[in-house]
Amino acid sequence: MKPYLVVLILSLTLGACRNNDPGKVDKDIAYHCPMQCEGDKTYGQKGSCPICKMDLVKVENKTKERTDRAYSDMSIYNLPSTWTTQNGTDIQLKDLQGDVLVMVMIYTSCKAACPRLVADMRNIEERLPEHSKKNVKMIFVSIDPETDTPERLKAFAQENLMDGDPWLFLRSTEENTREFAAVLSVSYKEISPMDFSHSNIISVFDPNGEMIFQQEGLGVNSDNTVKHINAAVEAM
């Protein structure tokens, strides 16, 4: 047999062996227990659940799905604005994709409505089942970015025992804040150097960044809000 034919045959054979390697892991495929014995834990290869011993079943790789998903015209992830968290990290709203977002606009020096909105947000979070909480972000957006620096937001988060998941505090420029308030149908007006009048609205967004529900008022019944949050999580 001619040397070049031997090389060609060997190359094809080795290529076929590599493509059929049973130990190769496809990073876009994951497996989990059908009974969810370990919650959302997944494995990179087929096998059986270490707890109930049932065969693992294939699930979609949600990370890849979210990355490839295009935003609709109604998604807040189309907004190009940059926001700063209480930890001083700059993010864009699209960085929050993949979770259900529960948002409210407040300012930390408020002594009237805002403490009640904070209490309403805490009440909503406490009513969520554990499997929903890990797919939800509870977000406070400041309407007073001049006063509410990242340092001030950090102190406020710590004072209210909200400096950690699922809580997030955001601030941006006055222009970006006004634009976002308009998206949420929240109106606010400065009535003194340290005081604002504002709407009392809690908004819920699905993982695509589309608004699905709003709760308006202070201390209102949050049954429908919790219902919409849980439904959005279940649809993920």
Side-chain angles (χ1 to χ4, degrees), residues 29-44 47-67 69 75-77 85-87 89 91 93-106 114-141 153-154 156-170 201-215 217-236:
I29 297 177
Y31 300 86
H32 74 161
C33 172
M35 302 304 293
Q36 294 187 307
C37 294
E38 300 178 283
D40 291 334
K41 182 175 180 179
T42 59
Y43 296 85
S48 59
C49 173
I51 298 176
C52 71
K53 307 304 180 183
M54 291 184 66
D55 289 341
L56 301 177
V57 296
K58 185 167 71 174
V59 293
E60 294 180 356
N61 188 313
K62 292 186 177 180
T63 300
K64 182 176 186 297
E65 178 186 337
R66 292 170 189 164
T67 302
R69 182 185 293 134
S75 175
I76 59 173
Y77 299 145
T85 72
Q86 76 268 31
N87 295 314
T89 304
I91 67 169
L93 294 175
K94 65 181 180 181
D95 294 327
L96 303 174
Q97 66 175 311
D99 284 313
V100 176
L101 310 181
V102 185
M103 290 187 166
V104 66
M105 301 191 78
I106 65 167
C114 295
R116 298 180 67 185
L117 286 171
V118 171
D120 287 344
M121 289 282 280
R122 192 188 301 278
N123 173 261
I124 291 170
E125 192 270 341
E126 288 175 348
R127 295 186 58 195
L128 296 175
E130 289 301 320
H131 73 274
S132 289
K133 287 182 181 181
K134 54 187 159 186
N135 294 300
V136 175
K137 281 188 171 60
M138 308 290 293
I139 303 173
F140 296 93
V141 180
L153 292 177
K154 181 75 170 180
F156 186 85
Q158 292 174 337
E159 291 164 8
N160 286 277
L161 303 179
M162 293 176 167
D163 190 24
D165 290 337
W167 309 101
L168 183 65
F169 293 77
L170 300 177
I201 298 176
I202 295 175
S203 304
V204 180
F205 293 85
D206 69 14
N208 299 321
E210 297 178 23
M211 185 186 296
I212 56 175
F213 188 73
Q214 286 191 308
Q215 171 180 307
L218 298 171
V220 300
N221 187 300
S222 59
D223 286 352
N224 280 336
T225 306
V226 172
K227 176 182 176 181
H228 279 83
I229 295 171
N230 285 329
V233 170
E234 292 299 325
M236 292 173 63

message = Please report the interatomic distance CZ(Phe205) to CE(Met211), rounded to the nearest 0.5 Å.
response = 4.0 Å
inquiry  = Under a 3.5 Å threshold, yes or no: a donor from one side chain and an acceptor from the other, between Ser222 and Asp120?
reply    = no
ask   = What do you reckon, is NZ of Lys94 surrounded by more than 12 foreign heavy atoms closer than 6.0 Å?
value = no
message = Can you tell me how far apart NZ (Lys227) and OG1 (Thr225) are? Round to the nearest 0.5 Å.
response = 11.5 Å
query = Ile124 and Met138: side chain to side chain contact (heavy atoms under 4.5 Å, CB included), yes or no, with the steps?
reply = CA-CA 9 Å; Ile124 291 170; Met138 308 290 293; 4.1 Å; yes
query = When the ring planes of Phe140 and Trp167 are compared, do they come out parallel, tilted or perpendicular, using 30° and 60° as the limits?
reply = parallel
ask   = Do Met236 and Val100 have side chains that get closer than 4.5 Å, going by heavy atoms?
value = yes
inquiry  = Pair Met162, Val118 - check side chain to side chain contact (heavy atoms under 4.5 Å, CB included), show working.
reply    = CA-CA 10 Å; Met162 293 176 167; Val118 171; 3.6 Å; yes
inquiry  = Rounded to the nearest 0.5 Å, what separates atom CZ in Phe156 from atom CG in Asp163?
reply    = 12.0 Å
query = Which atom names give the shortest non-hydrogen contact between Cys114 and Ile106, and what distance separates them?
reply = SG-CB, 3.7 Å
request  = Check step by step if side-chain hydrogen bond (donor to acceptor under 3.5 Å, both in side chains) holds for Gln214 and His228.
outcome  = CA-CA 10 Å; Gln214 286 191 308; His228 279 83; over 6 Å; no
query = Taking 4.0 angstrom as the limit, do Asp165 and Lys134 come out as a salt bridge?
reply = no
key: Heavy-atom closest pair, residues Lys137 and Asp99   = NZ-OD2, 2.6 Å
request  = Rounded to the nearest 0.5 Å, what's the gap from CG on Asn135 to CD1 on Ile229? Could you check?
outcome  = 12.0 Å
task = Could I get the full list of salt bridge (Lys or Arg N to Asp or Glu O under 4.0 Å) partners for Glu126, not counting sequence neighbours?
result = none
key: N/O donor-acceptor pair under 3.5 Å between Asp206 side chain and Asn208 backbone   = yes
ask   = Salt bridge check: are Lys133 and Glu130 linked by an N-O gap of less than 4.0 Å?
value = yes
message = Any non-hydrogen side-chain atom of Val141 less than 4.5 Å from a side-chain atom of Ile139?
response = yes
Qualifying residue for side-chain contact (heavy atoms from CB on, under 4.5 Å) with Gln215, from Ile201, Ile202, Val104, Val204 = Ile202
remark   = For Asp223 and Arg127, the nearest pair of non-hydrogen atoms, with its separation, is OD1-NH2, 2.7 Å
query = Does a donor on one side chain and an acceptor on the other come within less than 3.5 Å for Glu210 and Ser75?
reply = no
inquiry  = Counting C-beta onward and ignoring hydrogens, is there a side-chain heavy-atom pair between Met103 and Ile76 closer than 4.5 Å?
reply    = yes
task = Provide the closest heavy-atom pair for Met121 versus Val102 in the form atom of the first, atom of the second, distance.
result = CE-O, 3.4 Å
Donor-acceptor pair, side chain of Arg122 and main chain of Leu117, under 3.5 angstrom = no
task = With the side chain counted from C-beta on, respond yes when Ile91 and Leu170 share a heavy-atom pair under 4.5 Å apart, and no when they do not.
result = yes
request  = Apply side-chain hydrogen bond (donor to acceptor under 3.5 Å, both in side chains) to the pair Asn230 and Ser132, showing each step before the final yes or no.
outcome  = CA-CA 6 Å; Asn230 285 329; Ser132 289; 2.9 Å; yes
key: Sub-4.5 Å side-chain heavy-atom contact between Lys154 and Thr85   = no
